[in-house]
Number of protein chains: 2
Amino acid sequence: MSGTDFDPIVDTTRRAEIVSLLRRAILTGKLEPGQKLNELRISEQMRVSRAPLREAMRELVQEGILTSIPYAGTFVIEVTVKDIEEAYSLNQVLDEFAIEKTWPNRTEQFFDELDRRHDAVKQATREEDTTRQIETALQLHGLIYEWADHSLLLDTWQRLTSRLQMYFALHQRARNEPVPSVDVHEEYVRLLKGNNMKAAQRHARAHIGLDFEELVAFARSLEKRNAGSEPVGRSAGGKG
Amino acid sequence: MSGTDFDPIVDTTRRAEIVSLLRRAILTGKLEPGQKLNELRISEQMRVSRAPLREAMRELVQEGILTSIPYAGTFVIEVTVKDIEEAYSLNQVLDEFAIEKTWPNRTEQFFDELDRRHDAVKQATREEDTTRQIETALQLHGLIYEWADHSLLLDTWQRLTSRLQMYFALHQRARNEPVPSVDVHEEYVRLLKGNNMKAAQRHARAHIGLDFEELVAFARSLEKRNAGSEPVGRSAGGKG
DNA sequence: TATTGCAATATTGTCGACAATCTGATTTTC
DNA sequence: GAAAATCAGATTGTCGACAATATTGCAATA
């Protein structure tokens, strides 16, 4: 706006560092759903005290990917079919809104960034880096939220994204094979560049829907496996 | 739904207690927007150590009503016109979705609860308890979220509610006079009991809209007052 | 006079230790 | 032998103190 724009100095607190580490571990599946986070063990591994670790965990609980039971422990959230369906349906609603808000803000810079992120997805696909593939796809998808000029919406979506990333990562690890190399985003990007907003909104619904169908089927198989009392077994041990 | 339903045991940690206290202080305006939260002072006033206080503050930061700058402090969020407009527009979108999801779940119990909460609003109005009036109105409004059988949506709305309550409280304190005693919820309740979902959705939009119009006008006057660099003055002192 | 450098102070971030609570095995009791 | 009571171990919650950083006031300097 006024002359040169400087980015704010990066905040270097252990807490922030820990949040990043933990979030990544959860979203990539290194920490499995239902797994308990032992404070003492993690703090020793990270060479930090429990204070910043606990504060970081509080943040992630509020972010919705950890759940806490007083005096019992803090656990990675379980993944149920219902959770995924909820994320799916809310995502549809928010997508429609985000496209509506972003539509008038589409500048040349927007289109450039759109292509850039699309390229990132394609490259990750070529390299068969599944984790990165999920990340880049979600980043491409997040563009309409970043350009909506609506911080509350962006916030809401980022919270949703954490869960989505976790679900997709779970799925990928279970399938244990590279994702189809066919580019499913081509149409999406094309429509976002076009002049038909309604069409873009409709496609966003349908397109995301397809990805989700498989995800829900996968989650359903998970639940069938250990049906009965609990949604997913609470593995205590994990890794040494 | 199997036989007798028991509520879970209340978790008694200082942290949870502090979260409640702080949230209430912020939402009722006892802690003003922009105000800095001095950890030492608050921990002494509450007779607790800084550890649980800091953890509680982390939760409220993630909840969106506090904002934190490393090594500088934690502050109550500012209220800008844009914030309120964002809350407004997102609320519209979510309302529509919530009504759609709740619609098939409306049982006799739902209608009873609807009346009960409506009565609570009317009583608070009679007693001219403005703070309680805001609370009860939001609780009435929250019913469609609680019955939507969509925990993610409910979560999202509760986060939004915190902000709304803060905004409305600000407004009330500024006007410094009781709210109009005319019941604006009569029509809303009637439509939720009826058979026309689309009509209920439309009304929700328009009705909430009216309340917001005044709120936005108020916020605009606030910003005009101290226009220039910062949105709202960061009062350091507060109360002794 | 405006700006820079420095010291003193206040506040936040982090640490290690202790208290409260839960869990599981062992012992006691019928 | 089974159920209840008890006790030891492990883990979470809380505390007080120290370290790192930012802020404020004042002196030095151009």
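The chains referred to below are lettered A, B, ... by the order of the sequence lines, with proteins before strands, and numbering in each begins at 1. All values below come from the heavy atoms of this structure, side chains included, with hydrogens, waters and symmetry mates left out.
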Is it true that a side-chain atom of A/Tyr167 and a backbone atom of A/Val216 form a donor plus acceptor pair closer than 3.5 Å?
no
Can you name the residues that form a side-chain contact (heavy atoms from CB on, under 4.5 Å) with A/Glu59, not counting sequence neighbours?
A/Arg15, A/Val19, B/Arg58, B/Gln62
Between A/Arg23 and A/Glu63, is there a salt bridge with N-O shorter than 4.0 Å?
yes
Charged N to carboxylate O under 4.0 angstrom, B/Arg132 versus B/Glu135?
yes
Tell me every residue that passes side-chain contact (heavy atoms from CB on, under 4.5 Å) with A/Leu143, counting only those two or more places apart in sequence or in another chain.
A/Phe110, A/Glu113, A/Leu114, A/Arg117, A/Glu146, A/Trp147
Sugar-phosphate or base contact per nucleotide [nucleotides 10-20 of chain C; S, B, -; heavy atom under 4.0 Å]
-SBBBB-B---
